[in-house]
Amino acid sequence: MNNKPIYVTQPALPPLDEFIPYLQQIWDNKILTNCGPFHQQFEEALADYLGVKYVCLFANATLALVTALQALRISGEVITTPYSFVATAHSLKWNSIKPVFVDIDAKTCNLDPAAIEAAITPQTTAIMPVHVYGTPCDTEAIRKIAENYNLKVIYDAAHAFGCRYNNQSLCAFGDISVVSFHATKVFNTFEGGAIICQDAKTKAHIDHLKNFGFVDETTVVAAGINGKMSEVNAAFGLLQLKYIDSCIEKRKQISQYYRDNIKFIRGISLPDHQLSFTSNYSYFPVFVEADYALSRDELYEKFREQNVIVRRYFYPLITAFPMYRTAHTDRDNELPNARYISSRVLCLPLHPNLEQEELEKVMAILSGFSKIQQTQKAI
């Protein structure tokens, strides 16, 4: 086997020859942006695929998060998670909102509802949970807290494309959900993202905000931004929808391969999900426990030495960065669950392009043997 890199993820791309006709239409009609025909078709197709009411496309999910907060007129303090990609918190900073970080549930890696409620102050206006790895937050508990304290809920659903919980899209919960179509995600449009909202009035407001606040040629109603998705990205997204189910199925097979074989390895554990939901298999996190032969960081380096590019999602915690070090409420215990999980987690390669011998190499390194044990299964 050659030593080509095995990446933690790799974008799934449709056949190039199938994309050419879409590009030809763009070349013919000369509409490149400003919510053209592909943009409109893609919004409708996404709403249908995800089973949600209203979709607002964006150039990327970070702009969507920033705009979602403005659309709901959020200010003051927002309770969120330290265990996420930093864009979650940055969207608050860009809106001059104070992020308040609380601890996570060690089983799901999502916000602990009890910690949310304990952190509410008169300045709290919203909760921004993250469906980490596409695993559902405790949406019912969060809904009740939000109703009791008159708070808005903005879900960072960057990982949750195609996930379902309680017979509905995971993107349908909360006042607003934001999903990412970045190249590293299960479903990608090169770059892109979307806001999912619950009513036509909110969608109209968001559509104004993402286009400089314009309502028509001479009317500006808000200090909006240029957040629109281009026609090229939208056309690519339409084509991607044809292949997304097969991509998710391949991810499922790879995830099952890992699960079937990791049970033979002492000191490597998996998230303990109590919830029943339909996953998109976006990540495969493992936790390196104290009885494993190496520390998490030593194992990380062993993988890197073999050109296997695993990632420590999410390490360090957002609260480790200088702009956020004083923003959490649990300074006595220093967010114990989040710190523990962050120090143990390692995400293994997971994408539809992985080959059997590459999976075997990952397992050989993880198991510490030069060859895969005979008891292990193939996909």
Side-chain angles (χ1 to χ4, degrees), residues 8-12 46 49-52 55 61-62 64-65 80-81 83-85 87-88 104-112 128-140 142 153-174 176-189 192-196 240-241 243-259 270-287 310-314 338 341-342 345-352 354:
V8 71
T9 191
Q10 194 174 72
L46 270 178
Y49 180 85
L50 294 174
V52 298
V55 173
T62 302
L65 281 171
T80 192
T81 175
Y83 190 75
S84 180
F85 184 62
T88 305
I104 62 173
D105 181 295
K107 293 181 178 180
T108 67
C109 301
N110 292 326
L111 277 180
D112 179 354
M128 184 182 278
V130 178
H131 300 298
V132 176
Y133 312 131
T135 303
C137 293
D138 190 339
T139 55
E140 182 60 18
I142 291 171
V153 179
I154 302 100
Y155 278 106
D156 183 338
H159 302 171
F161 184 94
C163 297
R164 297 186 66 82
Y165 178 51
N166 286 345
N167 296 317
Q168 61 181 315
S169 170
L170 194 52
C171 297
F173 291 88
I176 275 177
S177 287
V178 174
V179 65
S180 173
F181 308 143
H182 185 264
T184 60
K185 297 298 186 288
V186 169
F187 178 87
N188 82 85
T189 59
I195 292 177
I196 288 90
Q240 288 281 63
L241 281 176
Y243 294 94
I244 184 59
D245 288 342
S246 61
C247 287
I248 292 175
E249 179 59 31
K250 178 65 173 178
R251 286 174 170 272
K252 180 180 180 180
Q253 293 172 12
I254 294 169
S255 295
Q256 192 59 52
Y257 168 84
Y258 282 146
R259 288 184 177 278
L270 302 176
D272 180 17
H273 297 152
Q274 301 299 315
L275 300 173
S276 177
F277 68 100
T278 303
S279 177
N280 62 7
Y281 308 95
S282 54
Y283 296 85
F284 198 90
V286 301
F287 302 123
V310 295
R311 296 295 296 269
R312 293 167 290 192
Y313 292 140
F314 291 97
I341 293 297
S342 181
V345 70
L346 205 62
C347 283
L348 303 184
L350 178 55
H351 56 82
L354 284 168

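Here the structure is a predicted model, which means the values were calculated and not measured. Basis for what follows: all heavy atoms, side chains included, without hydrogens, waters or symmetry-related copies.
Across Val132 and Asn110, no two heavy atoms sit closer than the pair N-OD1, 2.8 Å. The minimum heavy-atom distance linking Val52 with Ala172 is given by the pair CG1-CB, 4.1 Å. The two atoms that bring Pro271 and Pro285 nearest to each other are CD-O, 3.5 Å, heavy atoms only. The two residues Pro129 and Ile142 make their nearest non-hydrogen contact at CG-CD1, 3.9 Å. For Ser282 against Leu350, the heavy-atom pair with the smallest separation is C-CD2, 4.2 Å. Contact between Leu170 and Gly134 at its shortest, heavy atoms only, is CD2-O, 3.6 Å.
Residues passing the ring-ring contact (aromatic ring centres under 6.0 Å, His included) test with Tyr49 are Phe161, sequence neighbours excluded. With sequence neighbours left out, the ring-ring contact (aromatic ring centres under 6.0 Å, His included) criterion links Tyr313 to Tyr283. Every ring-ring contact (aromatic ring centres under 6.0 Å, His included) that His131 has, sequence neighbours left out, goes to Tyr155. With sequence neighbours left out, the salt bridge (charged side-chain N to carboxylate O under 4.0 Å, His left out) criterion links Arg312 to Asp297. Under the side-chain contact (heavy atoms from CB on, under 4.5 Å) criterion, Ser246 pairs with Tyr243, not counting sequence neighbours. Taking the ring-ring contact (aromatic ring centres under 6.0 Å, His included) definition, one finds that Tyr83 meets it with Phe314, sequence neighbours left out.
Within the 3.5 Å criterion, the main-chain N or O of Thr9 finds no donor-acceptor partner in the side chain of His351. Of the possible polar contacts, none joining the Thr62 side chain to the Ala87 backbone as a donor-acceptor pair under 3.5 Å is found. No donor-acceptor distance shorter than 3.5 angstrom exists from the side chain of Asn280 to the backbone of Cys163, with no hydrogens or angles considered.
In this structure, OG1 on Thr139 lies 5.0 Å from OH on Tyr165, to the nearest 0.5 angstrom. Rounded to the nearest 0.5 angstrom, Asp272 CG and Cys109 SG are separated by 10.5 Å. Remark: Leu346 CG to Arg311 CZ distance equals 10.5 Å, nearest 0.5 Å. Here Ile154 contributes atom CD1 and Leu65 contributes atom CG; the two are 9.0 Å apart, rounded to the nearest 0.5 Å. If you take CG on Asp138 and CG on Asp105, they are separated by 8.5 Å, rounding to the nearest 0.5 Å. The CD atom of Gln256 lies 8.0 Å from the OH atom of Tyr281; values are rounded to the nearest 0.5 Å.
Below 30°, between 30° and 60°, or above 60°: for Phe181 and Phe187 the angle between ring planes is above 60°, a perpendicular geometry.
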Stepwise side-chain contact (heavy atoms from CB on, under 4.5 Å) test for Arg251 and Phe284: CA-CA 10 Å; Arg251 286 174 170 272; Phe284 198 90; over 6 Å; no
Under the criterion side-chain contact (heavy atoms from CB on, under 4.5 Å), I'd like the reasoning laid out for Ile195 against Val178: C-alpha separation, chi angles, the key distance, then a yes or no. CA-CA 5 Å; Ile195 292 177; Val178 174; 4.0 Å; yes
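Between Gln240 and Thr189 the shortest side-chain heavy-atom distance does not fall below 4.5 Å. The side-chain heavy atoms of Val55 and Ile196, taken from C-beta on, include a pair separated by under 4.5 Å. Between Val310 and Cys347, every side-chain heavy-atom pair lies at or beyond the 4.5 Å cut-off.
At most 12 heavy atoms of other shown residues, nucleotides or ligands fall within 6.0 angstrom of atom CZ in Phe85.
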